[in-house]
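Predicted model only: the values in this text are computed from it and were never measured.
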Amino acid sequence: MGGAKNCPETPRQKMIGMMYLVLTAMLALNVSTNVLNAFGLVDKSLHISLENAEEQNEQQYTRFEQMYHDTPDKFTQNNSNYYERIDSLRAASDSLFNYIENFKREVHRLVDGPEVPDSIITRKIEGMSDFDSPSRYAKAMFDPVSGKPNGVELRERITRYREQLVKIRRAEPRLTPRPGQSQERFERFNQILAEVRENINQVFATDSAPDNSGLMLSWEEVIFEGMPVGACMAILTKYQNDIRAFEGKTLSWFQTQLGSQDYKANYIQAYVIPKSSYVLQGGQYEAQIILAAVDTTDKPHYFVDGVELGEDGIFRASATSVGVHPFSGKVQYRKGRRMAEVEFSSQYEVGQPSASVMNHDLNIIYRDYNNKYVVSAPGVTDSQLKLNVSGATVKREGKFYIVRPTADAKTVKLSVMADMSGKMVQMYENTYKVKELPTPTPYLVDNGKQVDEQKTKLKQLNDKTILEIGYGADGILDLGFEVTSFETYIQRKSIKSSGNKFSKTQLKQIKQLQKGDLVVIQSIKYRQMGGAEMTYKGSPMVLILN
């Protein structure tokens, strides 16, 4: 609560400011190293999938270039130039992908300094617990070309890419059936287009969202406000992963449109497609082994570490120990009259169970207050998590869990459970101390500015001056208190006002005062919005006219 030059801080304000700094530091320390490391593991896992997707997409682009060189007429059909649309897909995807990569690079340098070399950029961050830099770069720093805040520019670029994907896929709804197309097939076709649009819109959604109080937050505020750097990097890498994934899906769709049966397979390649390459201890790793250009009438045989899998090619392994687990195998298939085989290798990583539990307001639990918690765990969806409490009640409101201690509780225990394939695994447990809400402080506000009690101007005490009570503009809580009545004690005479403004009688007495006179404000009554009326028990306010 810093004071302006014409409104220096009182000793009480300095004390409150120091408490706020200490509590903020305690909040930062509440984010464990395991949680921050887990964000790094998630980001690493996403980069592994990202590299595989980029390699496969590049192979598809190469095949399209060869096809266009051999049979250019095939790319012009149904009043569409497919090669131009494929080029547009590549340009749009690379543009957004590279912008996000630069966004991550600048945040990294903002955290660890401009001297960070390109060789480790965005992958080895020292300040993983930095909560300020992502929000500062997104909201307070501006794109050099558009002049908009970087977060706004990123949101608008994602929105444009989403719209471009819909246009490239020609996923806009058809208004009339094609010649010879039945009404049933026309409706089914439009339903497929709608599913494509919905899928694209969900993954690249940039809509605003309400917070717990109903205030609408922009996409960039939801993504970057109050987030540690490690979490932001993982989220941005996830968007890059989505770009390459949808780029690959669209390329596969183009391949189908152009007639995949005309492709010439000049090599055979085995692929390992995991549902997730990051698995929690106690969970299960699952991957699909597929073979490209396979004859579906003669299914191949899949082997992992010498053991043959089922004909579906699904490999499962119990995650019993933490660390990286490599595996290898082969796929046998019929090639003419003889059997051939292709070898493959991959790995999965098992991490320790961990959860991120962040008190939205403080790192302690207040009595008679809606303590807001956000609960998450790396590699686990929100629907798989459950928050259990002891010594309090809990209910879900949007993205928050609202925890209220019971009347006699001195501590509250929180535990997070995750449903891992039907088995409940404990991800987190901690006991919190229950504290009473701090006593609010009264202060006068004139024309939007706080009145200095030690240097009060007579003109600052007018019919528009408001007596407020709370924790100040920089307070750690905002409970919405309102003053219901107060008294002024001037020249040994007390006058009461109903409400939070000076009464006409009080103002008449105030106008008769001179420089050096005192105005005492006492017997202040207030209430929290919707609560019972309370009496302020602190020292009276003493205004010295200057």
Partners meeting side-chain contact (heavy atoms from CB on, under 4.5 Å) with T159 (sequence neighbours left out): R155, R162, E163, T206
Sequence-distant partners of E533, side-chain contact (heavy atoms from CB on, under 4.5 Å), two or more places apart: T484, K525
Smallest separation among heavy atoms of [X] and [Y], with atom names:
X: P438; Y: Y366; answer: CD-CE2, 3.7 Å
X: P405; Y: I365; answer: CG-CG2, 3.1 Å
X: L110; Y: S133; answer: CD2-O, 3.6 Å
X: K372; Y: F400; answer: CB-CD2, 3.8 Å
X: V375; Y: L385; answer: O-CD1, 4.0 Å
X: L461; Y: L507; answer: O-CD2, 3.8 Å

F103 vs Y99 aromatic rings, parallel, tilted or perpendicular, using cut-offs 30° and 60°? tilted
Counting the benzene-type ring for Trp, do F204 and F246 have ring centres under 6.0 Å apart? yes
Given the side-chain rings of Y239 and Y161, with only the six-membered ring counted for Trp, is the space between their centroids under 6.0 Å? no
Between [Y] and [X], is there a side-chain heavy-atom distance shorter than 4.5 Å?
X: T456; Y: N546; result: no
X: N199; Y: E195; result: no
X: S497; Y: F502; result: no
X: V111; Y: Y137; result: no
X: S485; Y: K496; result: yes
X: E468; Y: Q450; result: no
X: T465; Y: V445; result: no
X: F131; Y: F224; result: no

Please answer whether the main-chain N or O of [Y] pairs with a side-chain N or O of [X] as donor and acceptor at a distance below 3.5 Å.
X: E225; Y: V222; answer: no
X: Q506; Y: S503; answer: yes
X: R367; Y: L437; answer: no
X: E153; Y: F142; answer: no
X: R396; Y: G398; answer: yes
X: D130; Y: V229; answer: no
X: D112; Y: R109; answer: no
X: N98; Y: D94; answer: yes
X: D143; Y: P149; answer: no
X: E221; Y: S218; answer: yes

Spatial distance of atom [atom1] ([X]) from atom [atom2] ([Y]) [nearest 0.5 Å]:
X: D446; Y: D452; atom1: CG; atom2: CG; answer: 12.5 Å
X: T535; Y: I524; atom1: OG1; atom2: CD1; answer: 10.0 Å
X: N201; Y: L165; atom1: CG; atom2: CG; answer: 10.0 Å
X: I158; Y: I100; atom1: CD1; atom2: CD1; answer: 5.0 Å
X: K433; Y: K410; atom1: NZ; atom2: NZ; answer: 12.5 Å
X: I510; Y: T505; atom1: CD1; atom2: OG1; answer: 10.5 Å

Quick one: does NZ or CZ of R244 land under 6.0 Å from the six-membered ring centre of F97, within 45 degrees of the ring axis? yes
Whether K423 and D419 form a salt bridge (side-chain N of Lys/Arg under 4.0 Å from carboxylate O of Asp/Glu) is what I want to check. no
Could you walk me through whether L154 and W219 satisfy the side-chain contact (heavy atoms from CB on, under 4.5 Å) test, starting with their C-alpha distance in whole Å, then the side-chain angles of each, then the deciding distance to 0.1 Å, before giving a yes or no? CA-CA 10 Å; L154 176 57; W219 173 87; 3.8 Å; yes
Under 3.5 Å, is there a donor-acceptor pair between the R404 and N370 side chains? yes
So, N430 and Y428: side-chain donor and acceptor under 3.5 Å apart, yes or no? yes
Would K449 and Q460 count as a side-chain hydrogen bond (donor to acceptor under 3.5 Å, both in side chains) here? Give the steps. CA-CA 10 Å; K449 295 182 179 180; Q460 292 179 302; over 6 Å; no
Starting from the C-alpha separation in whole Å, work towards a yes-or-no answer on side-chain contact (heavy atoms from CB on, under 4.5 Å) for K455 and L545. CA-CA 6 Å; K455 297 180 180 180; L545 295 183; over 6 Å; no
Filter on ring-ring contact (aromatic ring centres under 6.0 Å, His included), then keep only pairs touching residues 503-528, sequence neighbours left out; what's left? F481-Y526
Verdict with reasoning, V403 to Y373, per side-chain contact (heavy atoms from CB on, under 4.5 Å): CA-CA 8 Å; V403 179; Y373 283 85; 3.8 Å; yes
Worked check of side-chain contact (heavy atoms from CB on, under 4.5 Å) between M541 and Q522: CA-CA 7 Å; M541 294 179 62; Q522 60 188 14; over 6 Å; no
Could you walk me through whether E397 and K395 satisfy the salt bridge (Lys or Arg N to Asp or Glu O under 4.0 Å) test, starting with their C-alpha distance in whole Å, then the side-chain angles of each, then the deciding distance to 0.1 Å, before giving a yes or no? CA-CA 7 Å; E397 290 186 2; K395 65 178 181 178; 3.3 Å; yes
Would you check, one step at a time, whether the test salt bridge (Lys or Arg N to Asp or Glu O under 4.0 Å) holds for E220 with K139? CA-CA 8 Å; E220 56 269 24; K139 297 172 62 179; over 6 Å; no
